[in-house]
Amino acid sequence: MVEPIKMTTRQEREGILHEAGFNPFLIKAEDVIIDLLTDSGTGAMSASQWGGLMEGDESYAGSKSFFHFKETVQDLTGFKHIIPTHQGRAAERILFGVVGKAGKFIPNNAHFDTTRANIEHVGAVAQDLPIPIAKEPSALDPFKGNIDTKRLRAFIKDKGPENIPLVMITVTNNTGGGQPVSLANIRETSEICKENRIPFFIDACRFAENSYFIKMREKGQGDRSVKEIAQEMFRLADGATMSGKKDGHVNMGGFLALNNDLWSEQARNLLILTEGFPTYGGLSGRDLEAYAIGLKEVLDEEYLKYRIRSVQYTGEKLTAAGIPLVLPTGGHAIYIDALNFFPQIPREQFPGQVLCCELYLAGGIRGVEIGTVMFGKSKPAVEYQGLELVRLALPRRVYTQSHMDYVCEVLIEVFKNRKTLKGLKMVYEAPTLRHFTAQFIQT
Ligand code: F0G
C-alpha cells in the first residue's frame, strides 16, 4: 500500500499550529509530513495479515478467530485466561477496576500515562521505581529500563504486601526512553513478588523489542530465539496487559491475560459491561485474526533487527551532530533531552513542547512531549521532576531510511537555531491526561 504525503510550506504550518493551540495532537494528520507522534496503531499490516482479515469469523460468540487468537497468546504467554480488549488501556481499566481502590499501591519500573491514569481513577497510587541511572539521559547502560529491586523490596515492606495487589514491569520502558528490562531483573522481581505473595504483571506492549534487546545485550541469552526469551519472560509473571497496537502489529487491539480464576471472572464481567462478549472484547473477528498473525510475525528476528537498527541509525546521526538524546537508543523511538537542547527554557515553559512545535514548523514532523505537559498538573498542583523529553516514535514497517534522513536534517537545523527559541504558556488544561488537549500561547 502506498500513502501519499502532502507537502506544506512553513507559512502554512505556522497557521495550522496556531489554530491547534501549539498542540501537535490537534493537527490534522494530512497536514503532517512525517508522523512520529506514536508507534501505536500506526504500523503497516503485512500481506498475510490482510489475507487474515478476509478469513475473520464474525460470530458473536465462540468465533474461530477468537480461538486462533487465544491459542497464539497462550503459546506465547502460557497464561490461563485470555481476555481480548479493544486496546491496552481497556485491559488496564478492567484490571485496576478489579484489583485497585483507595489505599492500594501499584509499583512499576515506570507507568505509562494511561496505566497511571487508570490506577488513579480507582483511587489507588501508581508508584514509579526506575533504577537511578534511568534519570541520566546520556549514561550508557544496556538495561536502563530495569525496576529498582532494592527500592521495590523497601516499598513492599513500607506499604505492606496486603496493600499491593500487584507489581508491574513495563517492557520496554516507554516513559523512560523505550529502554529494555533485563531478564535477570524480571526474574528477580518475580522472586520478590513470590516471597511476598504479590501477583506480578507485565505491561507487554513492546515485548518483542524487549526480548530482542535481551538476546543482543544480556550475557548467556545470545543463542536463544527471541520467542523463547519472550516465553520465559511471560512465564515469570502471573498476568499481562497488552496493547496490540505496538508489538501486535495491528491498528487496534489489546488483551488482558492472567492465571487468577477469580480476577478473570470479575474482569470478564466488567468486559461484558463495556467492551463486549468475552470471545471478542470490542474487536471484530477479523481484527482478532490479524492480531494473532501479527503476534507471530513480530518475533521474526530479521524484522526486529531492521527495526532496532533504524532507531540506532537515527540516534547515531543525531548524536554525531551534538543533539542530546537518551542513550543508548531504545526500541521504538528516539528521545530528545529537551532540557539540554534548550538550556534557556525553564521547565515551567515546557521545553519539550517548544521542540515539538519547532519540529513541525521547520519540517512538518510530528513528535510528542513526554515531560511536564504530560505528567504535571496545575489543579491540584503536581510538580513533575523527571526528564523533559520529546519522543519521535517510529511506526512499524512504514518509514524508510530516507524518511529518517530527512528527520535528522530538520532536527539538526532546529538545533542550530535553538538559542533563538522561547518558551510557551499553557492556557487550557483538562483535569486528566492534559497533554491530549492542552492549549498554549507563545511567551
Ligand atoms: N502501556 C504502554 C507502555 C504504552 O506505551 C501504551 C500506549 C499503553 C500501555 C496503552 O495502550 O494506547 O492501546 O490503550 N502507548 C501509546 C504511545 C499510546 O504513544 O506510546 P493503548
Side-chain angles (χ1 to χ4, degrees), residues 23-25 29 32 35-43 83-97 106 108-121 126 128 130 134 145 147 166 168-181 201-210 233 237 239-257 271 274-275 281-283 287 291 294-295 298 311 326 330-335 352 356 366-371 373-375 389-396 398 432-433 435-437:
N23 186 345
F25 273 108
V32 175
D35 204 346
L36 306 181
L37 183 68
T38 178
D39 63 323
S40 181
T42 51
I83 301 173
T85 58
H86 81 273
Q87 61 183 95
R89 70 198 67 184
E92 292 164 1
R93 188 188 61 80
I94 289 170
L95 176 64
F96 296 114
I106 316 283
N108 199 329
N109 49 348
H111 292 275
F112 184 63
D113 61 354
T114 60
T115 325
R116 171 174 292 281
N118 274 298
I119 292 169
E120 291 174 355
H121 184 68
D128 288 348
I147 192 167
L166 57 90
M168 245 186 161
I169 281 194
T170 304
V171 297
T172 53
N173 180 349
N174 187 6
T175 37
Q179 299 292 323
V181 179
F201 274 60
I202 293 179
D203 176 339
C205 296
R206 300 178 180 85
F207 75 94
E209 290 170 10
N210 199 89
M233 194 167 80
T241 54
M242 186 188 184
S243 166
K245 301 171 74 171
K246 285 84 170 172
D247 277 352
H249 276 178
V250 283
N251 305 114
M252 195 54 71
F255 67 68
L256 167 64
L271 185 86
T274 57
E275 292 277 303
L283 293 172
D287 292 337
Y291 194 174
L295 282 171
V298 76
V311 178
V326 173
H332 65 294
I334 293 290
Y335 291 71
C356 287
R366 176 155 70 169
V368 67
E369 193 259 17
I370 300 192
V373 177
M374 190 178 269
F375 296 112
L389 302 174
V390 168
R391 185 187 73 176
L392 302 178
L394 275 70
R396 291 169 181 76
V398 172
T432 51
L433 298 175
H435 54 290
F436 290 123
T437 53

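Because only heavy atoms are used, hydrogens play no part in the values below, and waters and symmetry mates are left out as well, while side chains stay in. Numbering starts at 1 and runs along the sequence shown. Note that ligands are numbered from 1 as they come in the structure, with each ligand's atoms numbered from 1 the same way.
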Review point. Taking C-beta and beyond as the side chain, do H332 and D247 meet within less than 4.5 Å on heavy atoms?
Key: no

**Study point:** For N210, side-chain hydrogen bond (donor to acceptor under 3.5 Å, both in side chains) partners two or more places apart
**Key:** none

Review point. Do L256 and E275 have side-chain heavy atoms sitting under 4.5 Å apart?
Key: no

Practice item. Could you tell me whether a side-chain N or O of Q87 sits under 3.5 Å from a main-chain N or O of R89, the two making a donor and an acceptor? Key: no

Point to revise | Side-chain heavy-atom pair L283, F255 within 4.5 angstrom cut-off | key: no

Review point. Under a 4.0 Å heavy-atom cut-off, which residues neighbour ligand 1?
Key: T38, S40, Q87, G88, R89, E92, F112, T114, T170, N174, D203, C205, R206, S243, K245, K246, R391

Practice item. Quick one: pull up CG in D39 and NZ in K246 and give me the separation to the nearest 0.5 Å. Key: 6.5 Å

